[in-house]
Amino acid sequence: MNPVLDLSRRLSVLPIIYGSGDFALETRRRLQIMKPDCIAVALPPSFADAVEEGIARLPQISLAIQREISLEGDYNCVPIDPCQGVIAALRMALETGIDRAYVDLEVGTYEQQGVTLPDPYALKEVALEKLLAALMPALPTPAEESQRLKRIRRMAYELHRLELEYGRIAFVCSVADWPWIRQAYLQRAAYPQHGGGQAMPELHRIAEECLYFVLGELPHLTALYEHRRAELVADATLAVDGVKALLLAARDHWTTVEELDNHWLTPQRMGLLLRYVRNLTVMDHRLTPDLYNLAVGAKQVVGDAFALSLLDTACEYPPQRIGSDEDDINVGLEQVVDADGEVHACKNRLQGVPRIWRELPLKLEPPPREKQQWSQQWDPYGQCSYPPEDGRIESFQQHVRQQARKMLGEDLAKVEKFQSSLKDGLDIRETLRNWHTGDLYVKEMPPPRGSIEVVVFLFATPADPERYSWQSTWYAEHEEESTLAFYSTNFLDNMVGPGIGQALYGGCLFIFPPRPIPDIWRDPRLAFCRTLEEQLLAAALLHSREKRVVLVAPEPPALAWRQLARRYRKQLVYLPLKRFSASTVDRLRRFHVLNSGEVRSYAGRFIRDFR
C-alpha cells in the first residue's frame with residue numbers, strides 16, 4: 001500500500017491541482033498503473049449526464065452549467081476541459097468501460113474556495129507524494145459548519161459506500177481537500193444529506209474567443225495536447241515545448257498580418273525573448289510563464305504587433321470551429337451570458353490557479369470600418385512626416401555614409417613593414433603571407449577624397465508597380481533633414497489613426513545637405529526609365545554633385561545600372577543590404593504620413609513602435 005495515497009486496500013486517492021495539463025497526464029498515468037474498477041470524482045451526481053455528454057463531444061469544448069437557488073440567478077459550472085485531471089479520469093473511464101461515481105454533495109448554492117497553489121510544473125521533477133507533503137502546511141483548514149466541510153464529509157461517506165461494491169477504487173479530488181477527506185474517512189464523521197430543488201445542469205458549447213476564461217491551460221496548448229493525443233505522440237514535455245510552439249505559430253501569424261517578406265525574428269532574437277520571459281516568470285515566483293508574461297516579453301523584445309499576434313494565437317482552438325447546430329455560449333472571467341443575453345456570476349467547480357486581470361498597454365489595429373472612414377476624410381492637400389521617424393532614418397543614412405567613406409578608404413590603404421608605429425592597424429593578410437620572414441606589416445588608410453551627397457536604398461527589387469503605387473518627392477523642413485524621393489505602398493490602404501496612414505518604402509534616395517530638385521517622378525529627363533528602381537537610381541546619378549553615389553540594395557548593381565552610372569560620369573559605391581540588421585531595416589522601412597502638422601500632437605497615441 002501507498003502510505004500517502006491509499007486510504008485502504010480498496011481505495012486510493014489522487015489529489016490534483018485543477019486546470020493543469022501536467023496533473024492531467026499524471027492522473028492518466030497513475031490510473032493506467034492502478035487499473036481500478038471504479039473511478040470516483042469530486043462532482044455531484046446531477047452533473048453526471050451533462051459532463052459525460054460533453055466528454056463525448058471532445059475535442060470540442062463544452063460547459064456544463066447549473067442555475068443556483070439564489071435571487072441573483074447565479075450559476076456554477078464544470079468546463080469539459082481535456083487538461084483537467086477530473087475530465088481526463090472520466091474520459092479514460094468512458095473509453096475503457098470503467099464505472100464512474102460522482103460523490104460530491106448536492107447544494108443549492110455552491111461556495112467557491114480560493115486556494116493559493118504552486119506551479120504544477122513542479123510535478124515534472126518532484127514525485128506527487130513529496131509535492132503533497134510539501135503542500136500540507138499551506139492548505140487551509142475547513143471551518144466548522146462550512147459548506148466545504150459538509151462536502152468533504154459527504155464525499156468520505158460515499159467512498160465508504162463504494163467500497164461495499166468495488167474491489168479497487170480511484171478517487172480524484174482537489175489537492176486542497178484531500179487531507180480532510182482522509183481525516184473524515186478514517187473518523188467516519190457524520191455526513192449531511194443531499195440538498196434538493198436545484199436545477200439540472202445544461203450543456204453548451206463555448207465560443208472560441210471565450211475559451212481562455214474557462215480552460216486551465218491556454219487554448220493553443222490545449223489544442224496541442226489534443227493533437228498529440230490523437231496522433232499518439234508523447235506529450236510529457238508539452239508544458240515547455242508548447243510555449244515554444246506557441247511562439248513559432250505567433251511568428252507565422254505576425255509575418256502574415258504585417259506582410260513581412262523576410263522576418264527578422266531570428267533564433268537569436270527568439271532566445272532573447274525566452275530569456276526575458278524566464279526572468280519575468282521567476283519574478284512572479286512561477287516555473288512556467290503565463291500569457292501576461294509572454295505578451296510583455298513579446299511587446300518589449302519585438303513590438304506591439306507581435307504581442308497582439310501572440311495573444312490572438314494563444315486563444316486559438318481550431319476544433320471549436322467545427323460547425324454545430326446549437327448556438328455557442330459566451331463566458332468571461334467568472335461570468336456567463338445566458339440565453340436572454342443577461343450576464344450572471346458563474347463559479348467554476350474545477351477552479352485551478354485563479355486568473356486575474358492585468359493591464360498591458362498595446363496599440364490595437366483599428367477596425368476596417370474606421371480605417372475606411374479615416375481614408376475618406378483624408379485631405380489630399382496636406383501631408384507631412386512623423387518627426388521621430390525622420391530622426392531615425394536620418395541617423396541611419398548618415399551611418400551609411402560613414403560606412404561608405406570607410407570602405408573607400410580601405411580600397412586606398414597602403415601596406416608597409418612595421419617600423420615604429422602601428423598606424424591604422426596590423427595587416428593580418430600581409431603579415432601571414434610573410435610569416436616565414438618574421439616581419440610584421442601595418443596598413444595606412446588615407447582619408448578618402450571628396451564626399452558623398454546622395455544615398456540610394458533599394459529594399460524591394462524588382463519592385464512591383466501595383467504594390468508600390470505611391471511615388472513622391474519630399475523637401476526638407478530644416479537643415480538637418482535630407483531631400484527625399486521614394487516609392488512606397490499607398491498609405492491610404494493602411495490607416496492607423498485619424499489623419500495617420502502607414503506606408504512601406506520600396507526604395508528611396510536621400511540628398512544631404514538638402515536642396516530643392518524637380519519631382520523625379522515627373523521629370524521628363526528621366527522618361528527613358530522603365531522600372532521604379534531604375535528611375536530612382538537615375539535621379540540620384542542625375543542630381544548628385546559628387547562623383548560617388550552610394551547604393552544599398554539586396555543584390556549588386558546590374559551591368560545596365562553601371563552603364564547608366566558611366567553615362568552620368570558617376571561611380572556607384574555598393575553596400576549590401578544584409579550588412580545591416582534586418583530588424584533595423586524593417587523598422588526604418590515602415591513610415592507614417594500625417595495629414596497636417598496638427599496631427600503630430602496626437603500621432604504617438606496611434607503609431608506603434610517597432611523594436
*If you take all heavy atoms of Ala298 and Leu273, which pair is closest and at what distance?*
N-CD1, 3.5 Å

*asked:* Using 0.5 Å steps for rounding, measure from the CG atom of Leu280 to the CZ atom of Arg286.
replied: 12.0 Å

*Side-chain donor-acceptor pair present, Arg608, Gln502, cut-off under 3.5 Å*: no

*Shortest non-hydrogen contact from Phe591 to Ser488?*
CZ-OG, 3.7 Å

_Arg321 atom CZ, over 12 foreign heavy atoms within 6.0 Å_ = yes

*Kindly give the heavy-atom pair with the smallest separation between Val593 and Trp378, and that separation in Å.*
O-CH2, 3.4 Å

*asked:* Tell me whether the count of non-hydrogen atoms from other residues, nucleotides or ligands lying under 6.0 Å of CD in Gln563 goes above 12.
replied: yes

_Atom NE2 of residue position His478 - does it have more than 12 heavy atoms of other residues, nucleotides or ligands inside 6.0 Å?_
yes

*If a pair satisfies salt bridge (charged side-chain N to carboxylate O under 4.0 Å, His left out) and one of its residues is in residues 486-506, list it, with sequence neighbours excluded.*
none

*asked:* We want to know whether Thr288 and Asp119 form a side-chain donor-acceptor pair, criterion being a heavy-atom distance below 3.5 angstrom.
replied: yes

*Might you point out which heavy atoms bring Arg355 and Leu215 nearest each other, and give the distance in Å?*
NH1-O, 2.7 Å

*How about Phe457 and Phe510: do any of their side-chain heavy atoms sit closer than 4.5 Å?*
yes

_Basic-acidic side-chain contact under 4.0 Å: Lys371, Glu365_ = yes

*More than 12 heavy atoms of other groups within 6.0 Å of Asp327 CG*: no

*Mind checking what makes side chain to side chain contact (heavy atoms under 4.5 Å, CB included) contact with Pro388, not counting sequence neighbours?*
Tyr386, Arg392

*Test the Arg567-Phe528 pair against the cation-pi criterion, namely NZ or CZ under 6.0 angstrom from the six-membered ring centroid and within 45° of the ring axis.*
yes

*Which atom pair, heavy atoms only, marks the closest approach of Lys363 to Ile607?*
NZ-O, 2.7 Å

*Looking only at non-hydrogen atoms, find the nearest pair between Pro82 and Glu226 and report the distance.*
CB-OE2, 3.3 Å

_Hydrogens and angles aside, do Glu555 and Thr461 bring a side-chain donor and acceptor to less than 3.5 Å of each other?_
no

*More than 12 heavy atoms of other residues, nucleotides or ligands under 6.0 Å from NE2 of His253: is that the case?*
yes

*asked:* What I want to find out is whether Glu477 reaches Arg600 closely enough, with some N-O distance under 4.0 Å, to be called a salt bridge.
replied: yes

